[in-house]
2 protein chains.
Amino acid sequence: MSLDRDEVVDAAVRILDDYGLGDLSMRRVADVLGVKAGALYWHVANKQSLLAAVADRVLAELAVVDVDAEPHQALTGWAHDLRRVLLAHRDSADLVATALASGLCQHDPLAGVAAVLARHEPAERADWGARALLHLVLGHVAEEQNVALFAQLGSLDVVPGGQDAAFTHAVTALVSGLLALTTLKE
Amino acid sequence: MSLDRDEVVDAAVRILDDYGLGDLSMRRVADVLGVKAGALYWHVANKQSLLAAVADRVLAELAVVDVDAEPHQALTGWAHDLRRVLLAHRDSADLVATALASGLCQHDPLAGVAAVLARHEPAERADWGARALLHLVLGHVAEEQNVALFAQLGSLDVVPGGQDAAFTHAVTALVSGLLALTTLKE
DNA sequence: ACCTGAACACCGTTCAAGT
DNA sequence: ACCTGAACACCGTTCAAGT
């Protein structure tokens with residue numbers, strides 16, 4: 001039985017979860033699969049697209065957004081859900097951020113929230129708002145995960161965790177501001 | 001005349017600006033300085049702390065925040081200034097984000113904005129708000145720079161640039177939301 | 001079709017030895 | 001004090017050759 005693209009991505013996700021992005025090398029993925037590194041390139045174009053596939057796996061865990069829900073609840077709910085999914089996979093915020101920018105991801109995590117905002121303002125502004133929320137969440141979780149990383153490496157003497165209140169405050173502020181600007185415009 | 005720590009950082013900044021973070025290796029820095037890679041470790045503990053020093057150079061270009069200015073103007077002004085500084089150095093958003101999390105930076109870019117907010121709410125909430133704004137800016141500029149990176153690598157057919165309106169909208173929304181929440185509390 | 005072996009051009013870091 | 005030479009243990013990627 002030969003290898004499969006999904007198995008390659010599976011192995012990559014496992015390494016990410018267990019050892020972090022720094023240990024996610026092509027050679028390590030190959031080792032886990034009992035194969036030589038060169039073999040991976042039959043199933044995957046390069047490391048960059050493998051990482052995009054990993055990011056897609058993470059984003060696939062997102063709950064679907066109810067477009068007809070109350071906007072404030074829909075937006076804050078999505079932000080919290082995104083943070084939950086990211087915190088479930090080590091170093092995933094940096095990974096997802098670069099993967100999304102690479103244009104190699106299948107998933108578009110913005111679609112749902114942009115649709116919610118688009119019910120109250122022009123599509124372009126809705127997109128801006130959705131991306132702002134995405135950036136805030138990615139930036140926030142990236143800091144959480146990087147602090148955890150450096151704390152584990154011993155180069156930092158800060159106790160990670162306990163960012164729930166800070167995150168909630170940040171998201172509440174941005175969502176309130178976004179919705180306030182829409183009602184002004186419509 | 002022997003090497004100097006500042007010269008090492010200078011060379012690193014130059015490589016970052018001209019070739020990007022992917023080409024910023026210890027060996028490359030050494031080459032630019034006409035020295036062998038091992039020599040750098042006399043002036044710098046490791047690559048991580050060199051990157052932190054580079055991040056400090058970038059952050060040093062920030063204008064000082066007028067704590068007594070009108071809050072909305074002070075916060076949005078700082079956000080735009082931070083974006084200006086980041087866009088002046090290739091790939092700097094990712095660099096600064098991880099360097100700040102590493103705890104090896106001298107600079108604390110939050111101090112000014114946190115002080116502004118602290119005039120209207122408790123210190124902890126002011127810190128949350130300042131960090132939210134920092135994360136939004138870092139996330140936004142990171143996307144801009146990563147898209148530019150992948151576009152240059154040919155793996156993306158999107159034209160970079162033209163994000164001023166999106167950024168302004170995002171910052172305005174967050175700052176409005178943050179200040180609205182403070183007045184509710186005080 | 002799918003994988004190995006082996007190479008190419010790189011990394012960060014250490015450290016004896018030189019001056 | 002400051003640097004070289006040389007090594008160690010890695011990288012991503014390619015590609016002839018095997019099956």
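Not measured: the values here are computed from a predicted model. Note on naming: letters A, B, ... go to the chains in the order of the sequence lines (proteins, then strands), and numbering restarts at 1 for each one.
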Ser25(A) side chain N/O closer than 4.0 Å to the phosphate oxygens (OP1, OP2) of dC11(D)? yes

Between Arg83(A) and Asp164(A), does any NZ, NE, NH1 or NH2 come within less than 4.0 Å of an OD or OE carboxylate oxygen? yes

Given atom CG of Leu33(B) and atom C1' of dC2(D), what is their separation to the nearest angstrom? 14 Å

Protein-nucleotide distance (Lys47(B), atom NZ; dC11(C), atom P), rounded to Å: 9 Å

Gap separating the CG atom of Asp91(A) from the OH atom of Tyr19(A), nearest 0.5 angstrom: 14.5 Å

Taking the C1' atom of each, how far is dC3(D) from dC15(C), in whole Å? 12 Å

Let's go through Asp17(A) and Val13(A) carefully: what are the C-alpha distance in whole Å and the side-chain angles of both, what is the deciding distance for side-chain contact (heavy atoms from CB on, under 4.5 Å) to 0.1 Å, and is it a yes or a no? CA-CA 6 Å; Asp17(A) 290 351; Val13(A) 172; 3.8 Å; yes

Please report the distance, rounded to the nearest Å, between CG in Asp4(A) and P in dA1(C). 16 Å

For DNA chain D, what string of dots and brackets results from 5' to 3' when Watson-Crick and G-U pairs need both distances under 3.5 Å, crossing pairs get [ ], and pairs with another strand get |? ||.|||||...|||||.||

What nucleotide, of dC11(D), dG12(D), dG12(C), holds the atom closest to the side chain of Arg28(A)? dC11(D)

Salt-bridge test for Asp23(A) and Arg90(A): reply yes if a basic N is under 4.0 Å from a carboxylate O, no otherwise. no

Find the distance Asp23(B):CG to dG12(C):P and express it as a whole number of Å. 11 Å

Looking at CG of Leu86(B) and CD of Glu144(B), how far apart are the two atoms once the value is rounded to the nearest 0.5 Å? 9.5 Å

Does anything in residues 34-43 of chain B reach DNA chain D, meaning a heavy atom under 4.0 Å, and if so which residues? Val35(B), Lys36(B), Gly38(B), Ala39(B), Trp42(B), His43(B)

Quick one: do Arg84(A) and Glu61(A) make a salt bridge, cutoff under 4.0 Å? no

When the distance from CG of Leu3(B) to C1' of dT19(C) is rounded to whole Å, what number comes out? 16 Å

Roughly how far apart, to the nearest Å, are dA9(C) and dC10(D) at atom P? 22 Å

What's the CD1-P distance between Ile15(B) and dC10(C), to the nearest Å? 14 Å

Between atom CD in Gln48(A) and atom C1' in dT13(D), what is the gap in whole Å? 13 Å

Name each donor-acceptor pair under 3.5 Å that joins a side chain in residues 135-143 of chain B to protein atoms two or more places apart or in another chain, with its distance.
{"residue": "His135(B)", "atom": "ND1", "partner": "Arg131(B)", "partner atom": "O", "Å": "3.0"}
{"residue": "His135(B)", "atom": "NE2", "partner": "Glu143(A)", "partner atom": "OE1", "Å": "2.5"}
{"residue": "Glu143(B)", "atom": "OE1", "partner": "His135(A)", "partner atom": "NE2", "Å": "2.5"}

Test applied, side-chain contact (heavy atoms from CB on, under 4.5 Å); reference residue, Pro109(A); option that passes from Val96(A), Leu62(A), Leu82(A): Leu62(A)

If I take atom CZ in residue Arg5(A) and atom C1' in nucleotide dA1(C), what distance separates them, rounded to the nearest angstrom? 17 Å

Under a 3.5 Å cutoff, is there a donor and acceptor pairing between the side chains of His72(B) and Thr172(B)? no

